[in-house]
Structures are given as C-alpha cells and as structure tokens.
Colleague: 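I have a structure here, written as structure tokens, and I will follow up with some questions on it.
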Amino acid sequence: MTATATVTAMGPRIDADRASVRAVFSPTATAPKTRLKLTRRGRVVFGGLATILIAGALGVAASFAAPGAVANGAASSQEFPYVVAQSGDSLWSIASALEPTADPRDVVAEIQRLNQMQAADLQAGDAIAVPLRFAGDEATFPASDLS
C-alpha cells in the first residue's frame, strides 16, 4: 500500500506566502526600510529641547551684544533735600506735611527706601533725606546746611 498525498493549491495566497518566506530567508534580500515615527509625547519632548537650545543661544548672544555700564569719576552735583525730625514727629506726619494730597504710605515708603531705613523709628534731631521733588519746599533744606 502506497500512500499518496495530494496537495491542492488554494490560489494566490499560497504563492504570496511563499514569496515572502523566500524574501526573508534569501541571502540577497534587503532589510525593509523603516521610518521613524514620533508619538505626540516625543514631538513635545523634541520641541521642548529645541526651544531650550534656541533660548539659551539667544541668551548667550544677548549677553555678548549688550553694552556694559561705564562709570566715570565725575561726582554728582545732585543733593537731596532734608527734613529734621522734631520731637513727636513720625515718618507719617512728615510725609503728610510734604505732600498732603498723596497717599502717605507711598511717600513713607519712598523716604524709607531713600534713607535705607528698616523701621519707621525717628529721634528728635534726625536729618531725613526726602525725594528730589520736594527740593525748594519750605519744610526742607539742602544738604549743605546740615553741618
């Protein structure tokens, strides 16, 4: 008894499968070309890196292109006007007397900044520098009169 096997062709599918198998195992077959595909997250990462690099380059370029400050030895001829604190005076009362129409808090803050004061404590006889816009006011006098 001899057994014979019959193989029936199922059509083009079998031929295509054989061709792909031959292509994979063929020594002359070239590797399929794949294209890099970035996900949304990958595009965000690469975009962020590019933004950081460009911002850094612009920052370095700006630091080299910016002109430096040049100081000269000339003394300033500008003198601040002064007010001498009397007994019972506060920065609030001085600010209110100098500029009655303005908010005293703003004037007090300017006076503190100008005199580098941390607190609003005053002693009688303290000479307090006031902003230049009060020069010529009857309550102020120039720095040359302090001596």
Side-chain angles (χ1 to χ4, degrees), residues 5-85 89-147:
T6 58
V7 177
T8 58
M10 298 188 103
R13 179 182 160 103
I14 293 176
D15 291 336
D17 287 343
R18 286 182 187 157
S20 65
V21 168
R22 269 187 253 123
V24 169
F25 294 110
S26 172
T28 60
T30 58
K33 293 185 179 182
T34 59
R35 188 169 166 224
L36 179 66
K37 292 183 180 181
L38 289 177
T39 62
R40 182 173 188 265
R41 189 165 119 192
R43 287 190 300 267
V44 168
V45 168
F46 279 117
L49 287 174
T51 302
I52 290 172
L53 288 174
I54 289 171
L58 289 175
V60 168
S63 68
F64 285 122
V70 179
N72 59 12
S76 174
S77 62
Q78 196 71 276
E79 291 183 351
F80 288 101
Y82 282 83
V83 173
V84 175
D89 276 350
S90 66
L91 285 178
W92 189 274
S93 64
I94 291 172
S96 296
L98 287 172
E99 197 166 0
T101 59
D103 185 4
R105 292 175 290 194
D106 295 334
V107 180
V108 167
E110 284 183 89
I111 293 172
Q112 283 182 320
R113 194 174 325 118
L114 182 62
N115 291 286
Q116 298 178 352
M117 301 171 78
Q118 299 299 323
D121 299 331
L122 287 181
Q123 302 293 325
D126 283 349
I128 307 296
V130 294
L132 286 172
R133 69 176 180 270
F134 299 116
D137 191 282
E138 58 202 32
T140 64
F141 58 91
S144 58
D145 292 351
L146 279 177
S147 301

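Scope of the values below: all heavy atoms of this structure, side chains included, with no hydrogens, waters or symmetry mates.
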Colleague: For residues 44-53, which residue pairs qualify under salt bridge (Lys or Arg N to Asp or Glu O under 4.0 Å), counting only residues two or more places apart or in two chains?
Modeller: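 Listed by first then second residue: nothing to list.
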Colleague: So, for Leu122 and Ser90, which heavy atoms are closest and what is the spacing to 0.1 Å?
Modeller: CD1-C, 3.7 Å
Colleague: I need the full list of side-chain hydrogen bond (donor to acceptor under 3.5 Å, both in side chains) pairs touching residues 126-136, with sequence neighbours left out, sorted by first then second residue.
Modeller: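 side-chain hydrogen bond (donor to acceptor under 3.5 Å, both in side chains) check on residues 126-136 returns Glu99-Arg133, Glu110-Arg133.
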Colleague: List in chain and number order the residues that pass salt bridge (Lys or Arg N to Asp or Glu O under 4.0 Å) with Asp106, two or more places apart in sequence or in another chain; answer none if no residue qualifies.
Modeller: none
Colleague: Between Thr140 and Phe134 (side chain of the first, backbone of the second, donor and acceptor by atom type, cut-off under 3.5 Å), is there such a pair?
Modeller: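 At least one qualifying donor-acceptor pair exists.
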Colleague: Could you grab the distance from atom CD1 of Ile94 to atom CD1 of Ile128, nearest 0.5 Å is fine?
Modeller: 6.0 Å
Colleague: Would you list the atom pairs, donor with acceptor, under 3.5 Å between side chains in residues 38-55 and any protein atom, with sequence neighbours excluded?
Modeller:
| from | atom 1 | to | atom 2 | distance (Å) |
| --- | --- | --- | --- | --- |
| Thr39 | OG1 | Gly42 | N | 3.2 |
| Arg43 | NH1 | Leu38 | O | 3.0 |
| Thr51 | OG1 | Gly47 | O | 2.8 |

Colleague: If you compare all heavy atoms of Pro100 against all heavy atoms of Ala97, which two are closest, and at what distance to 0.1 Å?
Modeller: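 Heavy atoms of Pro100 and Ala97 come nearest at CD-O, 4.1 Å.
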Colleague: Restricting to side chain to side chain contact (heavy atoms under 4.5 Å, CB included), what partner residues turn up for Ala127, sequence neighbours left out?
Modeller: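 Partners of Ala127 by the side chain to side chain contact (heavy atoms under 4.5 Å, CB included) criterion, ordered by chain and then number, come out as Tyr82, Leu146.
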Colleague: Could you pull out the closest heavy-atom pair between Pro81 and Pro131, with the gap in Å?
Modeller: CG-O, 3.6 Å
Colleague: Please give me the minimum heavy-atom distance between Pro104 and Ala95, naming the atom from each residue.
Modeller: O-CB, 3.9 Å
Colleague: Under 3.5 Å, side-chain donor or acceptor atoms of residues 112-120 against the rest of the protein: list the pairs with distances, not counting sequence neighbours.
Modeller:
| from | atom 1 | to | atom 2 | distance (Å) |
| --- | --- | --- | --- | --- |
| Asn115 | OD1 | Ala129 | N | 3.1 |
| Asn115 | ND2 | Ile111 | O | 2.9 |
| Asn115 | ND2 | Ala129 | O | 2.7 |

